Amino acid sequence: MTMRIARADLADPAVRAMIEYHQRDMLAVSPPGTSFALDVSGLSGSDVTLIAAWAEDQVVGIGAMKRLSPLSAELKSMRTHPDHLGKGVASAILEELIAEARRGGIARLSLETGTSAEFVPAIRLYLKRGFAVGEPFSDYVNGPHNQCYHLELAAA
């Protein structure tokens, strides 16, 4: 599959649909109060970089990075369309977000994710890329249903 990875426009109905699907799914698979998926308005700030992967004219995945400080950022809204799982979409998006973080002078890239079986493929991807389980950041608290991960870009 040939993919194109580029900045995404929130005005694009296909991008919005992927964001809305991601948020609905995260609410469905997460215990109450443990889903922190951003909606369209949460992804619209100037501190957010949103990218998408396209296969021809279809959005097959999205991912975002939210700057937390001059040297840190958080990955948000990583999602692959169910018809394209296992095709390298998430990996390509993750690599582009890491490259974008480096270009922006980010020293530490962090994320929060769930711990249930639905999150295992994502966790494997993050661990394979060098992320390590770590302390909570921002307003998160590690618990039985969520865990924080970090990638030190100077060492990545």
Side-chain angles (χ1 to χ4, degrees), residues 1-30 35-40 42-68 71-134 137-138 146-156:
M1 172 175 72
T2 302
M3 272 187 293
R4 178 175 59 90
I5 308 287
R7 294 252 178 150
D9 184 348
L10 287 171
D12 182 331
V15 170
R16 292 175 76 92
M18 183 67 78
I19 293 166
E20 291 162 2
Y21 166 72
H22 175 64
Q23 189 174 34
R24 279 191 314 272
D25 189 57
M26 291 297 92
L27 289 171
V29 302
S30 302
S35 174
F36 304 102
L38 295 177
D39 62 9
V40 170
L43 292 169
S44 66
S46 62
D47 57 344
V48 175
T49 300
L50 178 65
I51 64 168
W54 286 266
E56 297 177 17
D57 62 349
Q58 181 186 9
V59 174
V60 296
I62 58 167
M65 180 178 66
K66 182 177 183 178
R67 189 176 283 269
L68 302 175
L71 297 176
S72 67
E74 175 184 8
L75 291 181
K76 297 296 294 181
S77 301
M78 292 287 293
R79 173 56 64 158
T80 300
H81 188 283
D83 293 344
H84 295 278
L85 294 171
K87 297 179 181 178
V89 174
S91 182
I93 290 171
L94 180 59
E95 289 304 320
E96 180 58 28
L97 287 169
I98 291 170
E100 182 72 25
R102 283 194 167 113
R103 287 189 294 270
I106 299 296
R108 184 181 221 199
L109 194 53
S110 302
L111 66 96
E112 177 278 334
T113 193
T115 58
S116 64
E118 293 88 356
F119 297 94
V120 169
I123 292 168
R124 283 188 189 133
L125 173 65
Y126 299 133
L127 291 173
K128 178 180 174 185
R129 186 53 186 83
F131 283 81
V133 173
F137 65 99
S138 193
N146 66 322
Q147 179 66 54
C148 295
Y149 293 79
H150 307 281
L151 177 66
E152 303 300 332
L153 293 178

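Residues: numbered from 1 along the sequence shown. Here the structure is a predicted model, which is why all the values come from computation and not from measurement.
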Spatial distance of atom [atom1] ([X]) from atom [atom2] ([Y]) [nearest 0.5 Å]:
X      : Y      : atom1 : atom2 : value
His150 : Glu112 : NE2   : CD    : 11.0 Å
Ile62  : Ile19  : CD1   : CD1   : 5.0 Å
Leu97  : Ile51  : CG    : CD1   : 3.5 Å
Glu152 : Ser110 : CD    : OG    : 7.5 Å
Leu125 : Phe131 : CG    : CZ    : 8.5 Å
Leu153 : Arg102 : CG    : CZ    : 5.0 Å

*asked:* Going by side chain to side chain donor-acceptor pair (under 3.5 Å), name the pairs with one or both residues in residues 5-18, residues two or more places apart or in two chains.
replied: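 Those involving residues 5-18 are Arg7-Glu100.
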_Within a 6.0 Å radius of atom CZ on Arg103, are there more than 12 heavy atoms belonging to other residues, nucleotides or ligands?_
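Result for CZ/Arg103: enclosed.
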Looking at [X] and [Y], what are the two nearest heavy atoms and their distance?
X      : Y      : answer
Ala117 : Pro121 : O-CD, 3.8 Å
Val60  : Ala55  : CG1-CB, 3.8 Å
Ile5   : Ala53  : CD1-CB, 3.4 Å
Gln23  : Asp39  : OE1-CB, 3.3 Å
Glu74  : Leu111 : CG-CA, 4.4 Å
Gly61  : Val89  : CA-CG1, 3.9 Å

*Between Arg79 and Glu20, is there a salt bridge with N-O shorter than 4.0 Å?*
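Salt bridge between Glu20 and Arg79, a charged N being under 4.0 Å from a carboxylate O: no.
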Counting C-beta onward and ignoring hydrogens, is there a side-chain heavy-atom pair between [X] and [Y] closer than 4.5 Å?
X      : Y      : answer
Pro82  : Tyr21  : yes
Thr113 : Leu75  : no
Thr80  : Ile93  : no
Leu71  : Arg108 : no

*From CA spacing to verdict: side-chain contact (heavy atoms from CB on, under 4.5 Å), His81, Gln58*: CA-CA 10 Å; His81 188 283; Gln58 181 186 9; 4.1 Å; yes
_Parallel, tilted or perpendicular, judged at 30° and 60°: which one describes the rings of Tyr149 and Tyr126?_
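Correct class here is tilted.
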*Any sub-3.5 Å donor-acceptor pair from Lys76's side-chain atoms to Leu50's backbone N or O?*
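Here the side-chain-to-backbone pair does not exist.
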_Strictly distance-based, threshold 3.5 Å: is any side-chain N or O of Arg129 a donor or acceptor partner for the main-chain N or O of Ile98?_
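No; zero donor-acceptor contacts below 3.5 Å.
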